[in-house]
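Some notes on the structure that comes next.
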Amino acid sequence: MQKQLTAVPDKAGHFGPYGGMYVPETLMAPLQELAKEYECARRDKRFRDEVDYYLREFVGRPTPLYFAERMTQELGGAKIYLKREDLLHTGAHKINNTIGQILLAKRMGKKRIIAETGAGQHGVATAAVAARFGMECVVYMGAVDMERQALNVFRMRLMGTDVRAVKAGQQTLKEAISEAMRDWVTNVRSTHYILGSVLGAHPYPMMVRDFQSVTGREARRQILEQEERLPDLLVACVGGGSNSIGLFHAFLGDKGVRMMGVEGGGRGIKPGDHAARFQKGGSLGVLQGTRTYVLQDHDGQIMLTHSVSAGLDYAAIGPEHSYLRDQKRIEYSFATDTEALEAFQFCSRVEGIIPALESAHAVAWVMKHAKKLGKKSLVIVNMSGRGDKDVTQVAEMLKL
Ligand SMILES: *Cc1c(COP(=O)(O)O)cnc(C)c1O
């Protein structure tokens, strides 16, 4: 039973009733082509060696599994380790995926890269690999996000990327994804679309998961070396769900390892005030290519979402999460904006590590539960990114 959990998706990208390929006819052929190419690449040792080489030399792997001694003492319960994805090149886990996908694009003979971005972290990670491999790169970004994340727009432009403002709808991530899909339909012969999370149509949720799974493979090896046993609990924040599944996947078969995904609870669980798809307001639906839990009203209209952290602020969750929740393999909770802000400061103060606001949601959950878990409990928290991008926003919110 536990073994089967890693046997998804099927050939058509289904994770049980979730996932699949819900796209216009014009995208079916390119997606099937991509799935086929990826299948060959993942079996090719030379491709895997190439990915490993760039993960080591360009991205900065392996990352430490760091014993958070003062955090552990302060919270007075579980022994806490941080998986330091915040130390990766460009500042977050996103680059594990973009390096894999650009090598796949190169293998497929593509010359042009497109991507969507919300806060800009995925855009920056894409811009970096596009520059490294000398490919033309266009990143679509909501006009509102461009204003909020001006520094990331500048970083992308420095690395030679053409950042295009999307002015439809809420002018944020969802609209940027739609625009990137439109571009892809038109330019599919020359262009590879690097999607940034375990979202969208097959093969993206599987492919992005595979590229991110390096985090959990490393963490599993490291905890066995350092503690000579497996952890009791893994905790990670969940936007689309890529850093969390990246940490969790290698442990799915380990029965004794509990897993907790923490969504963006925003101002609280009221319509339009949060981005927690597994809380009230979330139900089964289809969004941007995949069937999964979506925040929508009774007519199937996508609801407005809110989170202090742009990376968690999206109406759908990756389909594999919906599946693993049904299987009762992963539990899900949420942290509010206020709790995340507190965790942001706490982690900075006691560990000298400024977490991304997204990652601060995972820390917030641990702050609340460490004591109850008890001193014998061993916990790994995924530090998905660093908080440099968030300090101006936090300073404004705290009126510092
Ligand atoms: C983008 C981002 C997230 C959320 O995306 P997932 O796909 O859920 O991982 C979390 N943390 C950081 C630092 C990010 O940049």
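Positions are given from 1, in the same order as the sequence printed here. Ligands are counted one by one from 1 in listed order, and the atoms in each one are counted from 1 as well. Worth knowing before you read on, the calculation uses all heavy atoms, side chains too, and leaves out hydrogens, waters and symmetry mates.
- Looking from atom 10 (C) of ligand 1 to the surrounding protein, the closest heavy atom is Glu358 CB, 3.4 Å.
- Ligand 1 has an N or O atom lying under 3.5 Å from an N or O atom of His93, backbone or side chain.
- By the 4.5 Å heavy-atom criterion applied to side chains, Lys79 and Phe67 are counted as neighbours.
- Proximity of Ala356 to ligand 1, defined as any heavy-atom pair under 4.0 Å, is confined to the side chain (atoms from C-beta onward).
- Nearest protein heavy-atom neighbour of atom 4 (C) of ligand 1: Gly311 O, 3.3 Å.
- Nearest to atom 6 (P) of ligand 1 among the protein's heavy atoms is Ser242 N, 3.3 Å.
- At a 4.0 Å heavy-atom cut-off, ligand 1 does not touch Val198 at all.
- Note that CD of Glu351 is 8.5 Å distant from CD1 of Ile80, once rounded to the nearest 0.5 Å.
- Residue contacts with ligand 1: Gly239 is placed with a nitrogen or oxygen under 3.5 Å of a nitrogen or oxygen of the ligand (distance criterion only).
- If you number the atoms of ligand 1 from 1 as listed, the ones under 4.0 Å from a heavy atom of Gln121 come out as 15 (O).
- Neither the backbone nor the side chain of His122 comes within contact range of ligand 1; no heavy atom lies under 4.0 Å.
- Scanning the protein heavy atoms around atom 1 (C) of ligand 1, the nearest turns out to be Lys94 NZ, 1.5 Å.
- On a distance-only criterion, Ser359 and ligand 1 share no N/O pair closer than 3.5 Å.
- Checked by distance only, ligand 1 and Ser384 come closer than 3.5 Å through their nitrogen or oxygen atoms.
- To the nearest 0.5 Å, the span separating CZ on Arg277 from OG1 on Thr305 amounts to 9.0 Å.
- An N or O contact shorter than 3.5 Å links Gly241 to ligand 1 by distance.
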